[in-house]
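All values below come from the heavy atoms of this structure, side chains included, with hydrogens, waters and symmetry mates left out. Every number for a ligand or one of its atoms is a count from 1 in the order of the listing.
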Amino acid sequence: MAELQDVCVLVVGKLHEHAVERLKERFKVISLPKADASALSHEDAQSVRAIAASGAVDAPFIDALPNLEIIANFGVGYDAVDASHAGTKGVMVTNTPDVLTEEVADTAIGLLINAARELPKAENYLRAGKWKSEGAYPLTRGSLRGRKVGIFGMGRIGLAIARRVEAFGLPISYYNRSRVEGVNYAYHGSLVELAGAVDTLISVAPGTPQTAKAVNAEVLQALGSEGIFVNIGRGSTVDEEALAQALKSGTIMAAGLDVFAHEPDVPEALLACENACLLPHVGSASQHTRKAMADLVAQNVISWFDKGEAVTPVSETRHVTSGG
Ligand code: NAP
């Protein structure tokens, strides 16, 4: 496909090297550390037909590229890309679903166990020599035994988490805007209702205007003093101030957080909470899974220019057709 060598793909942000290498085999690739139109020459802006993105792509940047056809986002969550705007401009947006589902579900379970059983704190205790000097680590107040688990966002990853939780012998319920067909888990029509029915809430909902700060003081109050909150979805879905307050005051017992509203900044109030297990957004961050995500980013761009079809279009741009 010699003519594909003339197609210009813009890499935005620090994209996985495997994706960049695969794209370079087929296309002319240029890169920018972030989506800043003033950093592109007029000629480059005219020539860009695809973006492979590991970072934000906003509406003004999309508007600055008159021949843009596709934005391939690295990650299943694409809240950093203005997909609605892309859709209205006839620009395809793709993400990386499925290939990361099991990895992220594994991480969610790790966070849950760490939050309940304080494993990182127990390890620190050992490393600090306290096992020898002070004796056994104190018994943990938290346990998974007898818990009732609620999942906010029973989608691909939510279902994979639920399968794991089932193996732990714990009952599961969930909140989505719509019921999921073919599962036996109890459905609740609102997040606060779900939180009131369980003592363990796992959030794996996407970051959207509708989910912004959905996990608020009222939801945490409903979760209760034995409550454990795990967030593996997006930080924007949580009122972090209310969460830090709930952890500090004992409104809930503990939290396990992989995501934050303004990464990599983590609020001081959360850092101060000893009853929170905090991870630097590592849900999908294994070499195995990140390579699979990189392949899917490259496959989306290649398929678009080879066959006129994206492999994994997001819902906002499913109507977009090649050349249309
Ligand atoms: P998915 O299959 O699209 O599932 C999302 C679920 O959220 C759906 O069940 C959806 O159900 C529900 N939902 C969406 N908007 C909602 C709303 N306003 N209120 C209530 N429920 C809502 O996506 P996925 O593949 O499972 O991924 C989920 C999210 O996980 C991603 O968007 C991403 O933000 C996050 N994630 C994080 C990491 C990490 O490293 N920590 C890695 C991968 C993904 P309804 O449409 O019926 O409401």
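Counting all heavy atoms, side chain and backbone alike, Asn300 lies closest to Val311 at OD1-N, 2.7 Å. Of all heavy-atom pairs between Ser173 and Tyr185, the closest is CA-CB, 4.5 Å.
Sorted by first then second residue, the ring pair (Phe, Tyr, Trp, His ring centres under 6.0 Å) pairs that include residues 9-68, not counting sequence neighbours, are Phe27-Phe305. Sorted by first and then second residue, the salt bridge (charged side-chain N to carboxylate O under 4.0 Å, His left out) pairs with a member in residues 162-172 read Glu102-Arg163, Glu102-Arg164, Asp106-Arg164; sequence neighbours excluded. Pairs engaging residues 220-246 under the salt bridge (charged side-chain N to carboxylate O under 4.0 Å, His left out) rule: Asp79-Arg234, Arg141-Glu226 [sequence neighbours left out].
When heavy-atom distances to ligand 1 are checked against 4.0 Å, the residues falling inside are Val76, Gly77, Leu100, Val104, Phe152, Gly153, Met154, Gly155, Arg156, Ile157, Tyr175, Asn176, Arg177, Ser178, Val204, Pro206, Gln210, Thr211, Ile232, Gly233, Arg234, Asp258, Val259, His281, Gly283, Ser284, ordered by chain and number.
Heavy-atom contacts from other residues, nucleotides or ligands closer than 6.0 Å to CZ of Arg127 number 12 or fewer.
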